Amino acid sequence: MEKYKVGVIGGTGMVGQRFISLMENHPWFQLTAIAASPRSAGKRYEEAVAGRWAMDTPIPAQAKDMVVLNAEADVEKIAGMVDFVFSAVDMKKDEIRALEEQYAKAECPVVSNNSAHRWTPDVPMVVPEINPEHIQVIHDQRKRLGTSRGFIAVKSNCSIQSYVPALSPLRKFGIEKILVCTYQAISGAGKTFETWPEMVDNLIPYIGGEEEKSEQEPLKVWGKVENGVIVSADSPSITAQCLRVPVSNGHTAAVFVTFQNKPTMEEMKEIWASFRGRPQELELPTAPKQFLYYFEENDRPQAKLDRNLEGGMAVSVGRLRPDTQYDYKFVSLSHNTLRGAAGGAVLLAELLCAEGFITRR
């Protein structure tokens, strides 16, 4: 098949680097443009990321000699070169909102890793296995923007992808309340142990804005499209605490949950084992064959052992047991820069292509 031409704006940061790595040998997508801040613009990509390439794999050969464009000044040029862009820019939220809307109005679909548009009512915030129907709101967003091709779609916060996937198929039992503590890797802050040596043998009990996102974003993901906007669910109640831990990649969540109609542990495990979403039905290239893995071992899942399951796109669950205050407690894990960031956005882009929202120019 003819590949979709893809641009990455914000291509020099950690998530941008991950996008560029994921484009190497992608069966549907061809990296065609890289854009970043004015200080990187005009340089070869290899030169622009010299000394700060943070991936375990080398810079893809196709990206090395690409000349980095200016993400803000070259909007029309980039929009004319590609079928859509991934956005991973590092700017103030209002600047990101304005820039992504500029690309959309230039008739260039934007699949964003940023949080800036997560609360725009007609912008879908999608975990493809959980709320793929939310992409239908794009029709209304295009009316507002006055576009025929352009739109913005976003993925959710990386931390909620460590526990919301495990809870979503259990919602039929009427989830009443959730308590969650997330233990988040340093790559979530765009860091490595080399660039953040203070994190070795350390734990920081605060991540700015993260607890609010963890309590509110699941309700939008679990909401409904009504009258051209996404209306958040009004339950369950969620309380969250988020800690930064000395782990390179992988966000772990300790989850406590109470139901209106309490399922058995065997029912929960069977639901996790059999759960399939739209990406699995469509056999999208980045979709894990098995989305939710349950481990019976008491000491799993572990970040180091399990974060790369299914190319880092699966979610691991373990330690399900009764609780004294809630009905049950369990632990779950996802790879924060793959499933939680760039990989989740690539899967969302595949869904948007498969469902006809992204078309070739």
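By convention here, the first residue in the shown sequence is residue 1. Keep in mind the model is a prediction, meaning the values are calculated, not measured.
You'll find the side chain of Phe256 stays beyond 4.5 Å of the side chain of Val180, heavy atoms only. In this structure, Ser162 and Thr182 have side chains that are in contact, with non-hydrogen atoms separated by less than 4.5 Å. Under the 4.5 Å side-chain criterion, counting only non-hydrogen atoms from C-beta, Leu309 is in contact with Ser316. Using a 4.5 Å cut-off on side-chain heavy atoms (C-beta onward), Leu179 and Lys329 make no contact. Contact annotation: the side chain of Leu31 never approaches that of Glu24 to less than 4.5 Å [non-hydrogen atoms, C-beta and beyond]. In this structure, the side chains of Trp222 and Ser235 stay at 4.5 Å or more apart for every pair of heavy atoms. By the 4.5 Å heavy-atom criterion applied to side chains, Pro109 and Arg149 are counted as neighbours. Side-chain contact between Glu210 and Ser159 is present, with at least one heavy-atom pair separated by less than 4.5 Å.
Heavy atoms from other residues, nucleotides or ligands lying under 6.0 Å from CG of Asn298 number 12 at most. Within a 6.0 Å radius of CG in Asp299, other residues, nucleotides and ligands contribute more than 12 heavy atoms. The 12-atom threshold is not exceeded at CD of Gln325, counting heavy atoms of other residues, nucleotides or ligands nearer than 6.0 Å. Within 6.0 Å of CG in Asp90 there are 12 or fewer heavy atoms belonging to other residues, nucleotides or ligands.
Salt-bridge formation is not detected for the pair Lys5/Asp83: no Lys NZ or Arg NE/NH1/NH2 atom is positioned less than 4.0 Å from an Asp or Glu carboxylate oxygen. At a threshold of 4.0 Å, the pair Glu226-Lys224 does not count as salt-bridged, since none of the basic side-chain nitrogens sits closer than that to a carboxylate oxygen. By the 4.0 Å N-to-carboxylate-O rule, Arg144 lies close enough to Glu101 to be salt-bridged with it.
A donor-acceptor pair shorter than 3.5 Å can be found between the side chains of Glu129 and Gln280. Side-chain contact check for Gln161 and Ser334: no donor-acceptor pair (N or O, by modelled atom type) lies under 3.5 Å. Checked by atom type, the side-chain pair Thr337/Arg18 shows a donor-acceptor distance below 3.5 Å.
Cluster membership check: Ile96 does not share its hydrophobic cluster with Ile34, using side-chain heavy-atom separations under 4.5 Å among Ile, Leu, Val, Met, Phe, Trp and Tyr. Cluster annotation: Ile20 and Val67 are assigned to distinct hydrophobic clusters (Ile/Leu/Val/Met/Phe/Trp/Tyr, side-chain heavy-atom contacts under 4.5 Å, transitive). The hydrophobic cluster containing Tyr103 does not contain Ile138, counting ILVMFWY residues as joined when their side-chain heavy atoms lie under 4.5 angstrom apart, directly or transitively. At a threshold of 4.5 Å between side-chain heavy atoms, the hydrophobic network of Ile, Leu, Val, Met, Phe, Trp and Tyr places Val317 and Tyr328 in one connected group. Using a 4.5 Å cut-off between side-chain heavy atoms of Ile, Leu, Val, Met, Phe, Trp and Tyr, with links allowed through other members, Met313 and Val315 fall into different hydrophobic clusters.
Between the side chain of His26 and the backbone N or O of Lys3 there is no donor-acceptor pair closer than 3.5 Å. A distance-only check finds no donor-acceptor pair linking the side chain of Glu310 to the backbone of Gly312 [under 3.5 Å]. At distances below 3.5 Å, at least one donor-acceptor pair connects side-chain atoms of Asp327 with backbone N or O atoms of Phe259. In this structure a side-chain-to-backbone donor-acceptor pair under 3.5 Å is present from Arg244 to Ala185. Between the Arg276 side chain and the Gln290 main chain, no donor and acceptor come within less than 3.5 Å of each other.
Phe29 and Phe19 have their aromatic ring centers separated by at least 6.0 angstrom.
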Exercise answer: donor-acceptor pairs, residues 51-59 side-chain atoms, under 3.5 Å, sequence neighbours excluded:
| residue | atom | partner | partner atom | Å |
| --- | --- | --- | --- | --- |
| Arg52 | NE | Ala48 | O | 3.4 |
| Arg52 | NH2 | Ala48 | O | 3.2 |
| Trp53 | NE1 | Thr57 | O | 2.7 |

Give the table of side-chain donor-acceptor pairs shorter than 3.5 Å for residues 354-361, with sequence neighbours excluded, one pair per line with atom names and distance.
| residue | atom | partner | partner atom | Å |
| --- | --- | --- | --- | --- |
| Glu355 | OE2 | Arg278 | NE | 2.8 |
| Glu355 | OE2 | Arg278 | NH2 | 3.3 |
| Arg360 | NE | Glu2 | O | 3.0 |
| Arg360 | NH2 | Glu2 | O | 2.6 |
| Arg361 | NE | Ala79 | O | 2.8 |
| Arg361 | NE | Val82 | O | 3.0 |
| Arg361 | NH2 | Ala79 | O | 2.8 |
| Arg361 | NH2 | Glu107 | O | 3.0 |

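Atom CG of Leu99 sits about 14.5 Å away from atom NZ of Lys92, to the nearest 0.5 Å. Expressed to the nearest 0.5 Å, how far CD of Glu46 lies from CG of Asp65 amounts to 7.0 Å. Distance check: Ser168 OG to Ile130 CD1 gives 3.5 Å after rounding to the nearest 0.5 Å. Within the model, atoms CD of Glu100 and SG of Cys108 stand 11.0 Å from one another, a figure rounded to the nearest 0.5 Å. The structure places OG1 of Thr120 at 10.5 Å from CE of Met125, a figure rounded to the nearest 0.5 Å. The CD1 atom of Ile207 lies 7.0 Å from the CG atom of Leu243; values are rounded to the nearest 0.5 Å.
Checked options Tyr163, Trp272, Tyr294; the residue passing with Phe330 is Trp272 (criterion: ring-ring contact (aromatic ring centres under 6.0 Å, His included)). Of the residues Lys220, His251, Lys213, Glu217, the one that meets the side chain to side chain contact (heavy atoms under 4.5 Å, CB included) test with Ile160 is Glu217.
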Any chance you could lay out the side-chain contact (heavy atoms from CB on, under 4.5 Å) test for Arg307 and Val247, step after step, and finish with the verdict?
CA-CA 11 Å; Arg307 62 192 169 206; Val247 169; 4.1 Å; yes

Step by step, would you call Met66 with Val68 a side-chain contact (heavy atoms from CB on, under 4.5 Å)?
CA-CA 6 Å; Met66 279 191 174; Val68 178; over 6 Å; no

Pair Asn336-Gln184, side chain to side chain donor-acceptor pair (under 3.5 Å): steps then yes or no:
CA-CA 8 Å; Asn336 56 296; Gln184 300 186 206; over 6 Å; no

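Residues passing the side chain to side chain donor-acceptor pair (under 3.5 Å) test with Gln241, sequence neighbours excluded: none.
The minimum heavy-atom distance between His134 and Val221, with the atom names listed, is CE1-O, 3.5 Å. In plain terms, the two heavy atoms of Val257 and Tyr326 that are nearest each other are O-CB, 3.6 Å.
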